[in-house]
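Whatever order the structure lists them in is the order used to number ligands and atoms, beginning at 1. Quick caveat: nothing in here was measured; it's all calculated off a predicted structure.
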Amino acid sequence: MASRHAKVIIIGAGPAGYTAGIYAARAMLKPVLIEGIQPGGQMTITTDVENYPGFADVIQGPWLMDQMRAQAEHVGTEIIADTIIEADLKRRPFRLKGDSGTEYTADTLIIATGAKARWLNLPSEQKFQGYGVSACATCDGFFYRGKNVIVVGGGNTAVEEALYLANLAAKVTLVHRRESLRSEKILQERLFANPKIEVMWNHQLAEVLGDEDPLGVTAITLKNTKTGEDTTMPIDGVFIAIGHSPQTELFKGQIELKQGGYILTKPGSTATSVDGVFAAGDVADDVYRQAVTAAGLGCMAALDVERHLAGLDQVSEAAE
Ligand code: NAP
């Protein structure tokens, strides 16, 4: 079985992972970054990015991630196409197992595994996933040209997805459980000004209805959150945009998590409850969750690792 050792292994290839790679490589730590199943992370399923500083013109999420990746490699980060399926944080060095069968060992770890889309967990939502129910407008929007779709949620993702889908679909209905959105005001303005988008306040998706053969969505039942009344309306596609959950399954029971399953980090630091393990980006951030804050946390994690390793070196020098 192949094995690899590194002073620092970064798990995850989003803004946090790549930025950690850039800083750790420039600190001559020869970082190894294991990219996982979605290289580029959530930014690869977004389109226009208008709030990442440094670009006066609108840029594309996938392009930004390609740039970060190229920069990380250019300064010396080794990027490996593998997905970690097991992690042992109790032993030193830390041990990781890749889907490829490779065993990795590391003196320090930066966890930058990000977050993934949340679902409502309705049985009918699961049944029609990939057959009219999606969590990614930029991936699946194309199939709904000239059709009627709903987007569920009231945050930035939901509003951005609705705006994106309005370019393709005949009509978009944004279904939100309350009567105000939590998304940025500038996005709200665009949403309300778009003649193809209607907002249904105080409604929750109760059930997805459809055909069995071939499997496909034909309608939805919505519940009024104020009156409890059910309404059924015909629909071609359902997009769920109700937030994200941190990807921490690998580390459960081995590292301290906070509410919502995010990795707990020490105040003002990326250090976790396990000495030598650092966490950066959406996996540890339940407050800001922006590409730019993830990149900032990735930078902090690399600097924290550098200090940690310097401390370890001092200890081993003193022991010699
Ligand atoms: P979010 O801000 O957490 O919003 C989730 C939305 O889904 C909320 O409106 C919430 O309703 C609703 N929701 C949650 N659970 C629900 C349920 N069970 N049933 C019905 N509705 C439910 O998530 P997000 O929009 O994915 O954004 C995540 C983070 O990424 C945010 O910090 C956001 O700013 C950031 N982001 C930024 C950009 C950008 O800057 N352009 C783009 C995308 C995302 P309530 O409002 O009632 O809680």
Side-chain angles (χ1 to χ4, degrees), residues 14-16 38 40-55 57-65 112 114-126 133-139 141 150-165 173-192 197 199-208 220-226 228 230 238-247 258-262 280-297:
Q38 195 182 10
Q42 290 178 68
M43 291 291 282
T44 57
I45 54 168
T46 189
T47 49
D48 295 355
V49 176
E50 295 176 27
N51 54 8
Y52 198 89
F55 304 95
D57 294 328
V58 175
I59 54 166
Q60 300 297 305
W63 177 84
L64 181 61
M65 299 322 295
K116 61 169 186 279
R118 279 175 50 203
W119 295 95
L120 290 163
N121 292 327
L122 300 170
S124 58
E125 171 201 52
Q126 281 164 12
V133 174
S134 167
C136 176
T138 52
C139 318
I150 64 155
V151 176
V152 180
N156 274 348
T157 305
V159 175
E160 284 190 345
E161 301 239 316
L163 288 166
Y164 177 80
L165 287 165
T173 307
L174 184 85
V175 176
H176 185 38
R177 62 182 175 183
R178 295 187 292 123
E179 51 201 1
S180 65
L181 301 170
R182 66 169 67 227
S183 74
E184 285 171 10
K185 294 286 177 284
I186 187 167
L187 290 176
Q188 295 193 29
E189 270 177 27
R190 282 182 211 161
L191 182 94
F192 298 138
I197 304 176
V199 183
M200 251 179 119
W201 302 110
N202 301 314
H203 277 81
Q204 177 72 288
L205 180 64
E207 202 179 352
V208 183
I220 42 163
T221 303
L222 299 171
K223 185 174 277 303
N224 186 314
T225 52
K226 291 236 152 128
D230 283 344
V238 174
F239 287 84
I240 308 292
I242 58 162
H244 294 86
S245 304
Q247 307 215 70
K258 57 186 168 183
Q259 216 189 351
Y262 293 84
D282 283 11
V283 75
D285 175 13
D286 59 335
V287 180
Y288 303 105
R289 297 177 293 183
Q290 306 296 308
V292 67
T293 50
L297 287 161

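Two residues are said to be in side-chain contact when any heavy atoms from C-beta on lie closer than 4.5 Å; V238 and E125 fail this criterion. The closest side-chain heavy-atom distance from L120 to I242 is below 4.5 Å. Looking at R190 and I186, their side chains come closer than 4.5 Å, going by heavy atoms from C-beta outward. Side-chain atoms of N156 and L187, non-hydrogen and from C-beta on, do get closer than 4.5 Å to each other. Contact annotation: the side chain of N51 approaches that of E184 to within less than 4.5 Å [non-hydrogen atoms, C-beta and beyond]. In this structure the side chain of L205 reaches within 4.5 angstrom of the side chain of L222, judged on heavy atoms. Residues V175 and F239 are not in side-chain contact: their nearest non-hydrogen atoms beyond the backbone lie 4.5 Å or more apart. Side-chain contact between P123 and E207 is absent, with no heavy atoms from C-beta onward closer than 4.5 Å.
Taking a 4.0 Å cut-off on heavy atoms, E50 fails to register as neighbouring ligand 1.
Within the 4.0 Å heavy-atom criterion, both parts of R289, backbone and side chain, lie near ligand 1. Neither the backbone nor the side chain of L205 has any atom closer than 4.0 Å to an atom of ligand 1 (non-hydrogen atoms only).
Per-residue contacts place L120 under 4.0 angstrom from the following atoms of ligand 1 (heavy atoms of the residue considered): 17 (C), 18 (N), 19 (N). Residue contact check: G154 has heavy atoms under 4.0 Å from atoms 6 (C), 7 (O), 8 (C), 9 (O) of ligand 1. Each of the atoms 40 (O) of ligand 1 lies under 4.0 Å from some heavy atom of E184. Annotation for ligand 1: atoms under 4.0 Å from non-hydrogen atoms of H244 are 26 (O). Atoms of ligand 1 found under 4.0 Å from any heavy atom of Y288, numbered from 1 in the order shown, are 32 (O). Shown in contact with R118 at under 4.0 Å from a heavy atom are these atoms of ligand 1, numbered in order with element: 15 (N).
Among all non-hydrogen protein atoms, the one lying nearest atom 37 (C) of ligand 1 is N156 ND2, 3.4 Å. In terms of protein heavy-atom proximity, atom 41 (N) of ligand 1 is closest to E160 OE2, 2.7 Å. Ranking the protein heavy atoms by distance from atom 10 (C) of ligand 1 puts R177 NH2, 3.8 Å first. Of the protein's heavy atoms, Q290 NE2, 3.3 Å lies nearest to atom 35 (C) of ligand 1. Of the protein's non-hydrogen atoms, Q204 OE1, 3.1 Å is the one closest to atom 20 (C) of ligand 1. Ranking protein heavy atoms by distance to atom 47 (O) of ligand 1, first place goes to R178 NE, 2.6 Å. With respect to atom 1 (P) of ligand 1, the closest heavy atom belonging to the protein is R182 CD, 4.1 Å. Looking from atom 44 (C) of ligand 1 to the surrounding protein, the closest heavy atom is T157 OG1, 3.5 Å.
Shown here is Y288, whose OH atom has no more than 12 heavy atoms of other residues, nucleotides or ligands within 6.0 Å.
Scanning G155, A135, G243, A291 for the heavy atom closest to atom 23 (O) of ligand 1 points to G243. When the heavy atoms of I242, L187, V292, N51 are ranked by distance to atom 14 (C) of ligand 1, first place goes to I242.
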Discussion item. Assess the residue pair K226 and E179 against the criterion (side-chain contact (heavy atoms from CB on, under 4.5 Å)); give the C-alpha distance rounded to whole Å, side-chain angles, the decisive distance to 0.1 Å, and a yes or no.
Written reply: CA-CA 10 Å; K226 291 236 152 128; E179 51 201 1; 3.2 Å; yes
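Using a 30° and 60° split on the angle between ring planes, F55 and W63 fall in the perpendicular class, above 60°.
Q42 places a side-chain N or O within donor-acceptor distance of the main-chain N or O of A115, the cut-off being under 3.5 Å.
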